Amino acid sequence: ATLFVGSSSIRFWRTLKEDFPDRTVINRGFGGSTVWEVGAYFDRVVAPYKPKEIVFYAGDNDINAKRTPDDAYADFAAFMTLKDKALGRTPVYFISAKPSKSRLEQLPAQAQFNARVKALAGKRDDLAYIDVVAPMLKPDGTPKDIFVEDNLHMTPEGYAIWAPIVEAALDKGQKAKAPGC
């Protein structure tokens with residue numbers, strides 16, 4: 001299966017099965033989670049599923065909690081180490097920290113975090129970086145009107161932006177395959 005894991009942006013992706021009809025998908029998002037928490041609960045939310053591939057989203061909650069981009073990146077690197085030990089070369093598809101109306105002032109820190117993960121993806125054949133930032137922004141650099149009342153969580157229109165971008169990345173694939181595939 002394709003395992004989607006991370007914060008509420010994954011948890012609230014209620015159309016995963018419809019958006020990825022040719023894949024068996026598992027949603028293990030949990031609200032408010034940080035990169036560190038996804039790693040801390042790795043043995044519960046990732047490892048037992050022995051996924052073919054992992055779609056990972058977390059990071060904006062880290063920045064919002066006043067963690068530095070370097071701290072969040074270190075936590076993601078630790079997640080990758082856990083993945084390596086438990087699941088070998090299973091590919092990870094990292095969705096960039098997203099711009100939202102409620103956290104617009106955090107875009108510079110998110111960009112630093114995203115850049116660190118993107119650089120890591122350039123060095124590993126089992127990690128792909130998926131950029132959703134530009135497609136979520138208007139030409140003036142502000143977030144599109146794709147958020148519910150809290151200006152943090154996305155509407156179905158937000159997920160309609162994400163789905164083809166993530167699908168294209170998954171279809172492109174990675175060199176590595178999960179054990180036994």
Side-chain angles (χ1 to χ4, degrees), residues 3-16 19 27-41 45 54-80 83 91-124 126-170 172 174:
L3 177 70
F4 286 74
V5 66
S7 68
S8 57
S9 292
I10 295 296
R11 181 176 152 246
F12 290 136
W13 198 339
R14 295 187 174 101
T15 58
L16 274 178
D19 291 341
N27 186 329
R28 293 298 290 158
F30 53 106
S33 64
T34 62
V35 176
W36 179 86
E37 288 168 320
V38 175
Y41 293 104
V45 299
I54 300 165
V55 177
F56 185 104
Y57 179 82
D60 63 322
N61 288 333
D62 302 72
I63 302 301
N64 190 58
K66 308 294 185 232
R67 297 205 23 97
T68 68
D70 289 339
D71 291 338
Y73 171 78
D75 292 339
F76 183 71
F79 170 87
M80 291 299 290
K83 189 275 306 175
V92 175
Y93 296 83
F94 179 90
I95 300 173
S96 61
K98 72 180 183 337
S100 64
K101 290 181 176 185
S102 68
R103 296 179 177 172
L104 196 55
E105 73 285 351
Q106 297 171 7
L107 277 178
Q110 288 179 355
Q112 290 175 25
F113 169 62
N114 288 339
R116 297 281 316 267
V117 175
K118 184 177 181 179
L120 181 63
K123 298 174 186 172
R124 295 184 63 136
D126 63 341
L127 176 61
Y129 176 82
I130 303 173
D131 186 5
V132 297
V133 176
M136 294 181 71
L137 296 175
K138 297 177 189 175
D140 68 0
T142 60
K144 292 180 179 175
D145 296 321
I146 52 172
F147 296 94
V148 298
E149 289 179 21
D150 67 4
N151 286 321
L152 175 63
H153 297 98
M154 294 187 299
T155 63
E157 291 79 14
Y159 290 105
I161 291 171
W162 279 25
I165 297 168
V166 173
E167 180 73 21
L170 293 171
K172 183 177 177 184
Q174 292 294 80

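Just so it is clear, the structure is predicted and the values come from calculations on it, not from any experiment.
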Could you tell me the separation between the [atom1] atom of [X] and the [atom2] atom of [Y], rounded to the nearest 0.5 Å?
{"X": "F113", "Y": "T68", "atom1": "CZ", "atom2": "OG1", "value": "10.5 Å"}
{"X": "T15", "Y": "W162", "atom1": "OG1", "atom2": "CH2", "value": "11.5 Å"}
{"X": "L120", "Y": "L127", "atom1": "CG", "atom2": "CG", "value": "5.0 Å"}
{"X": "F4", "Y": "I54", "atom1": "CZ", "atom2": "CD1", "value": "11.5 Å"}

Can you pull the side-chain hydrogen bond (donor to acceptor under 3.5 Å, both in side chains) pairs that have at least one residue in residues 107-119, sequence neighbours excluded?
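Those involving residues 107-119 are D70-R116.
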I'd like to check the ring pair (Phe, Tyr, Trp, His ring centres under 6.0 Å) partners of [X]; sequence neighbours left out, ordered by chain and number.
{"X": "Y129", "answer": "none"}
{"X": "F56", "answer": "F76, F79, F94"}
{"X": "F30", "answer": "Y41"}

Give me the atom names and distance for the closest heavy-atom approach of [X] to [Y].
{"X": "I165", "Y": "D131", "value": "CG2-O, 4.0 Å"}
{"X": "S100", "Y": "N151", "value": "CB-O, 3.5 Å"}
{"X": "I63", "Y": "A109", "value": "CG2-CB, 3.6 Å"}
{"X": "A58", "Y": "S33", "value": "CB-O, 4.5 Å"}

With sequence neighbours left out, what residues match P156 under side chain to side chain contact (heavy atoms under 4.5 Å, CB included)?
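P156 satisfies side chain to side chain contact (heavy atoms under 4.5 Å, CB included) with no other residue.
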Please name all residues satisfying side chain to side chain contact (heavy atoms under 4.5 Å, CB included) with L137, sequence neighbours left out, ordered by chain then number.
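L137: side chain to side chain contact (heavy atoms under 4.5 Å, CB included) contacts with P99, V133, P143.
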If you define the side chain from C-beta out and look only at heavy atoms, does anything of [X] sit under 4.5 Å from [Y]?
{"X": "R67", "Y": "T34", "answer": "no"}
{"X": "V92", "Y": "R124", "answer": "no"}
{"X": "N61", "Y": "R103", "answer": "yes"}
{"X": "F147", "Y": "M136", "answer": "yes"}
{"X": "D62", "Y": "D71", "answer": "no"}

Regarding Q106 and D60, is there a side-chain donor-to-acceptor distance under 3.5 Å anywhere?
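No - no donor-acceptor pair under 3.5 Å links their side chains.
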Take K83 and D126 through the test side-chain contact (heavy atoms from CB on, under 4.5 Å) and record every step on the way to the result.
CA-CA 10 Å; K83 189 275 306 175; D126 63 341; 2.5 Å; yes
Only counting residues at least two apart or in another chain, list the ones meeting salt bridge (charged side-chain N to carboxylate O under 4.0 Å, His left out) with R28.
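With neighbours one apart ignored, the set is empty.
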If you look only at distance, which donor and acceptor atoms sit under 3.5 Å apart when one is on a side chain in residues 6-14 and the other is two or more places apart or in another chain?
residue, atom, partner, partner atom, Å
S8, OG, H153, NE2, 2.8
S9, OG, K98, NZ, 3.3
W13, NE1, D19, OD2, 2.8

Salt bridge (charged side-chain N to carboxylate O under 4.0 Å, His left out) contacts touching residues 145-159 (sequence neighbours left out)
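Every salt bridge (charged side-chain N to carboxylate O under 4.0 Å, His left out) pair that includes a residue of residues 145-159, provided the two are not neighbours, is K101-D145, K138-D145.
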T155 (side chain) donor-acceptor with V148 (main chain) under 3.5 angstrom
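Checked: no pair found.
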With side-chain contact (heavy atoms from CB on, under 4.5 Å) as the test, pick out the partner of Y57 among I95, I130, V132.
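It is I95, the one option of I95, I130, V132 that forms the side-chain contact (heavy atoms from CB on, under 4.5 Å) with Y57.
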